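Since the structure comes first, as structure tokens, the remarks are kept for the end.
Because the structure is a prediction, the values reported are computed rather than measured. Just so it is clear, the values below take in all heavy atoms, side chains as well, and ignore hydrogens, waters and symmetry mates.
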Amino acid sequence: MSMSVAVWEVANRLGVVAGTPAELFSVLLAGPRRTVRLPLPPDHALVRTLRPLGHLDLVLDEPPELPGPPPAGSVDLGDPAAVCAADPVRVTRAYEADPDPRGGLRPAWLRAGQSLLRDQDPADRALVLLAALDEGADPRTAAALTRGAAGSPWTLARSSRRPCTALTAAPDGRPVVREDRVLAVACLPDGTQAALDERGRLRLPGGRAGRLADAVAATLASHPATALAAAGDSVLTGDRMGTVHAFSLTGLEQAALHSGRVTALTATATAPAAATATATASGAAPSPLPAALTVYSGGTDGTVRAWRPGRPPGRSALARRPCPVVALHATGPYLAVAWADGLAELRRLDTGGTAVFRPGPRIRAVAATADGTLVVGLDDTVLHLACRACRPRR
């Protein structure tokens with residue numbers, strides 16, 4: 001097993017994202033003591049690299065009988081359909097041995113290899129490769145991968161090579177991409193972009209953005225936050241103890257939703273139905289009652305939870321997986337979720353349907369748009385994926 005394949009295999013087994021031994025080492029150092037079973041011999045280079053890591057217990061299984069490097073001509077490394085249908089281990093080893101870019105296929109494969117190594121349909125591999133292509137790739141490669149991805153649940157609507165550290169949506173629904181070093185970004189009701197910096201403090205353009213935002217900024221100056229969102233007339237923050245705080249001009253509400261740090265927040269707001277009906281019947285202006293909030297939070301405990309301020313939190317999780325939540329964003333019936341193992345989800349909250357996508361590299365942020373598009377932010381790319389099966393009902 002080559003070093004790349006070994007790193008991807010170990011990362012997949014541990015529920016983390018890593019493309020090199022150094023990245024894997026760094027991710028493991030930041031986590032708790034782990035035990036991992038490796039299908040590797042004791043003298044494999046990756047085993048020698050990981051042994052000094054004191055809080056990692058290595059259990060070495062008998063390595064499987066892997067095929068040797070494919071003979072010349074057995075897999076056409078320049079044919080997108082062929083590489084998507086072939087054994088991914090053999091394709092990886094062949095690309096490692098041959099530096100020819102093959103119209104952009106080789107760098108795309110080696111970039112997205114951790115996803116491609118997983119068992120999946122050729123159409124899903126074609127979509128992953130299409131999303132990983134460099135802008136300078138041969139247009140014929142992109143066209144062939146687009147045809148090959150026709151059976152995937154997704155269509156790649158757009159891809160742009162740009163850094164991304166955080167995502168949200170402006171009041172008009174347009175995705176907002178941040179490229180600077182921030183933990184999260186949220187759009188206040190007036191369109192102001194508030195950001196949570198790496199120290200957990202609120203940063204506002206010009207330093208001030210109204211009484212509520214100023215009050216939240218003052219609070220976070222002494223009690224740093226780990227997550228940020230805004231909706232309606234409220235600003236939401238999460239902390240390292242697992243508590244979510246809902247700030248509004250009428251007061252503060254909070255709920256302990258997670259065991260461990262809150263890593264992601266998003267919220268939606270709807271006008272109170274009773275107030276709207278009363279105003280319509282009387283011909284008066286709508287009531288100034290605050291909007292009803294639904295808050296979605298994710299944490300290091302691997303759960304996504306829903307909470308409505310003013311009500312006790314529910315006991316059941318909306319989603320649960322054995323790795324931390326990285327990012328959340330809700331719009332209308334859609335909830336976008338990113339996980340630390342490199343999985344992105346677009347959930348239909350009204351039907352329970354879910355579509356998933358693994359780009360390969362780690363995911364920094366996600367956002368959902370009103371038309372069922374999933375926006376995925378990577379370290380150097382922003383992807384717009386339209387879900388064929390997730391469109392709103394007409």
Side-chain angles (χ1 to χ4, degrees), residues 1 3-40 44 46-47 49-51 53-61 64 88-89 92 111-120 124-125 128 131-132 183 226-227 238 240 242 257-264 296-305 317-328 335-347 354-366 374 376-379:
M1 192 180 296
M3 180 63 84
S4 294
V5 173
V7 168
W8 297 335
E9 179 68 25
V10 172
N12 280 336
R13 291 186 178 214
L14 291 175
V16 298
V17 177
T20 66
E23 289 179 359
L24 181 61
F25 200 84
S26 176
V27 170
L28 296 178
L29 278 175
R33 187 180 185 93
R34 312 285 289 272
T35 298
V36 58
R37 304 187 73 91
L38 302 179
L40 299 172
H44 192 281
L46 182 60
V47 175
T49 300
L50 295 178
R51 279 201 187 281
L53 190 60
H55 62 293
L56 183 69
D57 297 321
L58 299 178
V59 179
L60 303 181
D61 292 334
V89 174
T92 300
R111 182 171 187 262
Q114 186 173 339
S115 173
L116 297 166
L117 195 66
R118 292 176 175 269
D119 185 27
Q120 57 193 299
D124 295 325
R125 283 206 180 97
V128 172
L183 294 178
T226 58
R240 61 186 180 85
L257 301 179
H258 298 274
S259 58
R261 181 165 54 95
V262 179
T263 54
Y296 302 95
S297 62
T300 55
D301 59 1
T303 65
V304 177
R305 297 187 180 274
L318 185 64
R320 185 187 300 272
R321 298 188 66 243
C323 62
V325 178
V326 171
L328 294 170
L335 176 66
V337 188
W339 303 86
D341 66 346
L343 179 71
E345 296 180 318
L346 186 64
R347 292 173 168 260
T354 302
V356 302
F357 176 69
R358 289 183 181 272
R362 66 174 175 174
I363 301 173
R364 286 288 195 175
V366 287
L374 175 67
V376 181
L378 311 177
D379 283 328

Inset, instruction - Specify the closest pair of heavy atoms between S4 and T92, including all atoms of both residues, with the distance to one decimal. - result: CB-CG2, 4.5 Å
Inset, instruction - State which residues pass side-chain contact (heavy atoms from CB on, under 4.5 Å) with T226; sequence neighbours excluded, sorted by chain then number. - result: R240, R261, V262
Legend entry - Closest heavy-atom pair and its distance - H258, G299: CE1-N, 3.6 Å
Inset, instruction - Report yes if the side chains of L343 and R321 come closer than 4.5 Å at any heavy-atom pair, otherwise no. - result: yes
Legend entry - Chi angles and distances behind the side chain to side chain contact (heavy atoms under 4.5 Å, CB included) call for V7, L46: CA-CA 7 Å; V7 168; L46 182 60; 4.1 Å; yes
Inset, instruction - Please round to the nearest 0.5 Å and tell me the distance separating atom CG of L24 and atom OG1 of T49. - result: 9.5 Å
Inset, instruction - Can you sort out the partners of R111 under salt bridge (charged side-chain N to carboxylate O under 4.0 Å, His left out), two or more places apart, ordered by chain and number? - result: D380
Inset, instruction - Tell me, please, which residues at least two apart from R347 pass side chain to side chain donor-acceptor pair (under 3.5 Å). - result: E345
Legend entry - Pair listing, side-chain hydrogen bond (donor to acceptor under 3.5 Å, both in side chains) test, anchored in residues 11-27, at least two apart: E9-R13, N12-Q114, N12-R118
Inset, instruction - Look up atom OG1 in T303 and atom CG in L318, then write down how far apart they are to the nearest 0.5 Å. - result: 9.5 Å
Legend entry - Rounded distance [0.5 Å steps], CH2 in W8 versus CG in L117: 7.0 Å
Legend entry - Spatial distance of atom CG (L257) from atom OH (Y296) [nearest 0.5 Å]: 13.0 Å
Inset, instruction - Please check if the side chain of R125 supplies one atom and the backbone of L116 the other of a donor-acceptor pair under 3.5 Å. - result: yes
Inset, instruction - Applying side chain to side chain donor-acceptor pair (under 3.5 Å), name anything that partners T300, two or more places apart in sequence or on another chain. - result: none
Inset, instruction - Might you point out which heavy atoms bring V366 and A344 nearest each other, and give the distance in Å? - result: CG1-CB, 4.4 Å
Inset, instruction - Identify the heavy atoms of G302 and V325 that sit nearest to each other, and give their distance. - result: C-CG2, 4.5 Å
Legend entry - Taking every non-hydrogen atom, the tightest pair across L14 and T35: CD2-O, 4.3 Å
Listing, residues 354-362 side-chain donor-acceptor contacts under 3.5 Å, not counting sequence neighbours, or none:
{"from": "R358", "atom 1": "NH1", "to": "D341", "atom 2": "O", "distance (Å)": "3.0"}
{"from": "R358", "atom 1": "NH2", "to": "D341", "atom 2": "OD2", "distance (Å)": "3.3"}
{"from": "R362", "atom 1": "NE", "to": "D379", "atom 2": "OD2", "distance (Å)": "3.1"}

Legend entry - Partners passing side-chain contact (heavy atoms from CB on, under 4.5 Å) against V326 (at least two apart in sequence or in another chain): A338, A340
Legend entry - Taking every non-hydrogen atom, the tightest pair across A264 and A227: N-CB, 3.8 Å
